[in-house]
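In what follows, a single structure is set out as structure tokens and then discussed.
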2 protein chains.
Amino acid sequence: MKVDKISELTTNRLSIYLRCLNELAAEGAKSVSSDGLANRFHLNSAQIRKDLAYFGEFGVRGVGYDIADLREHITKILGLDKEHRVGIIGAGRLGAALADYYGFQRTNFKVAALFDADKDKIGQHFGEIEVFDIKDFSEVTKKANIDVAVIAVPAEYAQGVLELITDAGIKAIMNFAPTPLRVSGDVKLKTVDLTISLESLSYYLALPSNVNGAGLKPNSTNRRKK
Amino acid sequence: MKVDKISELTTNRLSIYLRCLNELAAEGAKSVSSDGLANRFHLNSAQIRKDLAYFGEFGVRGVGYDIADLREHITKILGLDKEHRVGIIGAGRLGAALADYYGFQRTNFKVAALFDADKDKIGQHFGEIEVFDIKDFSEVTKKANIDVAVIAVPAEYAQGVLELITDAGIKAIMNFAPTPLRVSGDVKLKTVDLTISLESLSYYLALPSNVNGAGLKPNSTNRRKK
DNA sequence: CGGGGAAAGTGAAAATGTTCACAGAATACA
DNA sequence: TGTATTCTGTGAACATTTTCACTTTCCCCG
């Protein structure tokens with residue numbers, strides 16, 4: 001009901017709810033209760049209701065949510081009813097994999113162009129998608145109506161590329177370079193940092209020996225710095 | 001100091017601190033204070049101190065942290081001093097890009113094998129890395145000492161692949177399929193869901209029109225379900 | 001060798017996020 | 001039409017995370 005400042009945790013969950021609803025719809029279900037959703041997909045029913053209630057009263061008491069109806073609402077809330085056009089900077093393996101990534105289409109994102117500085121790559125095509133000179137970024141962006149940029153370059157170039165992107169007026173950026181970038185004000189930056197995820201796994205694997213002792217005394221170790 | 005149950009948010013930040021320290025070390029700095037780190041990398045100094053304090057007293061009051069020393073501690077805490085061996089399931093574009101991903105090496109992860117069900121792909125090589133038949137997963141895993149699995153298959157196969165992985169005794173899994181998977185007990189699963197990130201960007205781009213009204217009245221819309 | 005200053009470590013407070021539990025709206029059915 | 005039932009929407013309780021602000025420790029320098 002209050003659309004003051006919605007937490008990103010909430011909007012992330014909306015994505016999940018949408019997927020769940022798609023699955024139910026595919027099975028032919030017409031309506032579902034928050035409890036039904038929660039049990040089926042291991043979610044919390046109170047949280048579902050609360051998340052949805054931020055945006056309106058989509059349910060019917062005593063009955064639940066109409067699936068088609070709710071799908072439509074969430075789609076609209078997430079802005080998935082309008083196509084977004086994506087430019088990927090970096091035509092290496094990652095950029096190529098992303099250009100090919102089915103998740104983009106599925107979510108109404110259309111990869112419109114790749115960009116690179118490497119003369120050998122410029123002009124090449126990945127499927128339908130052409131690789132342009134990064135120097136022409138601003139120009140191509142305008143022509144192709146690109147509104148989302150993806151950074152898929154090595155970490156050391158990321159900050160420079162970021163500035164190029166914001167200078168071109170792009171407001172939504174996804175970053176795959178494992179480096180924290182700073183953006184100003186009204187630009188939304190999402191960093192997907194595989195390194196952090198990997199190191200989180202590593203921490204978990206290392207746990208038994210870390211928990212207490214075994215080569216890592218918490219106290220009375222290094223007093224003076226060398 | 002208390003290593004009872006460390007939040008994943010904390011360990012994720014350790015990864016970040018480590019990168020920051022690497023950068024400082026590369027510049028030749030010898031020591032740094034929590035304030036220094038915080039200002040340089042836009043972090044919060046109290047949080048840095050608290051995060052580190054969970055694991056020991058690594059700093060010196062009045063002085064700060066010795067960079068080499070702290071790097072070593074965090075490396076050990078995250079288990080990055082020991083090599084991990086990775087098996088990637090799915091030798092499509094994503095799998096290939098990951099096999100090639102520099103971040104793995106950088107973090108002391110070694111991609112040891114790819115797996116696929118496609119006869120055409122089995123036996124192929126990506127650089128050094130061979131593609132094995134998914135049927136031989138358990139066997140190859142043991143021989144190659146693989147302790148981390150990466151799921152890079154389409155969503156509909158993910159759950160099946162997951163079971164294969166856990167049956168083989170792997171305890172740390174990274175999932176790129178855009179579907180929520182359930183694991184039992186002592187297995188650590190990290191899902192990297194690009195779709196959610198994309199939709200979060202989309203939400204941001206849609207915001208101005210969502211915030212109030214403009215085609216989305218929060219109230220008094222659909223009472224009866226159709 | 002003792003006082004001043006700087007920065008770590010840490011309880012307590014504030015902010016944020018999740019879960020509970022219940023009032024009330026809507027349906028279904030006698 | 002009345003009553004039982006169901007399930008939403010939502011304050012309040014609870015839990016977690018972040019930030020503040022203070023105490024303690026240690027170094028530096030005279």
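Contacts of B:Glu27 classified as salt bridge (charged side-chain N to carboxylate O under 4.0 Å, His left out), with partners at least two apart in sequence or in another chain: B:Arg40.
With respect to the salt-bridge test (charged N to carboxylate O, under 4.0 angstrom), the residues A:Lys82 and A:Asp147 do not qualify.
Computed from coordinates, the A:His73 NE2 to D:dT8 P distance equals 16 Å when rounded to whole Å. In this structure, A:Asp69 atom CG and D:dT8 atom C1' are separated by 15 Å, rounded to whole Å. One interatomic measurement links the two molecules: CZ of A:Phe55 to P of D:dG9, which rounds to 13 Å at whole-angstrom precision. Going from atom CZ of B:Phe58 over to atom C1' of D:dC26 covers 18 Å, rounded to whole Å. The CD atom of A:Glu8 sits 17 Å away from the P atom of D:dT17 (whole-angstrom rounding). B:Tyr54 has its OH atom 9 Å from the P atom of D:dT18, to the nearest Å. Remark: C1' of D:dC7 and CG of A:Asp66 are 15 Å apart, rounded to the nearest angstrom. The separation between B:Glu57 atom CD and C:dG9 atom P is 6 Å, rounded to whole Å.
Contact check for A:Tyr204 versus B:Asp186: side-chain heavy atoms found under the 4.5 Å cut-off. Inter-residue side-chain proximity for B:Tyr157 and B:Ile134 is flagged as unmet; no heavy-atom pair is nearer than 4.5 Å.
For D:dG11, its base sits under 3.5 Å from the side chain of A:Lys50 at one donor and acceptor pair at least. Donor-acceptor pairing under 3.5 Å, judged by distance alone, is present between the side chain of A:Arg49 and the base of D:dG9.
Between B:Tyr65 and D:dC26 there is no side-chain N or O to OP1 or OP2 distance below 4.0 Å. One finds no side-chain N or O of A:Ser34 lying less than 4.0 angstrom from the OP1 or OP2 phosphate oxygen of D:dC7. At C:dG5, none of the side-chain N or O atoms of B:Arg61 fall inside 4.0 Å of OP1 or OP2 (strictly under the cut-off).
Of the residues in residues 37-48 of chain B, those placing a heavy atom less than 4.0 Å from an atom of DNA chain D are B:Asn44, B:Ala46, B:Gln47, in numerical order.
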Next item on the list: Could you walk me through whether B:Glu199 and A:Arg19 pass the salt bridge (Lys or Arg N to Asp or Glu O under 4.0 Å) test, one step at a time?
Entry: CA-CA 12 Å; B:Glu199 295 185 352; A:Arg19 279 211 294 252; over 6 Å; no
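Counting non-hydrogen atoms under 4.0 angstrom, A:Ser7 reaches the backbone sugars and phosphates but no base.
Without hydrogens or angle criteria, B:Thr10 side chain to B:Asp51 main chain gives no donor-acceptor distance under 3.5 Å.
Here B:Tyr17 contributes atom OH and B:Leu52 contributes atom CG; the two are 6.5 Å apart, rounded to the nearest 0.5 Å.
When distances are taken from the side chain of A:Val60 to each of C:dA26, D:dT8, C:dG17, the shortest belongs to C:dA26.
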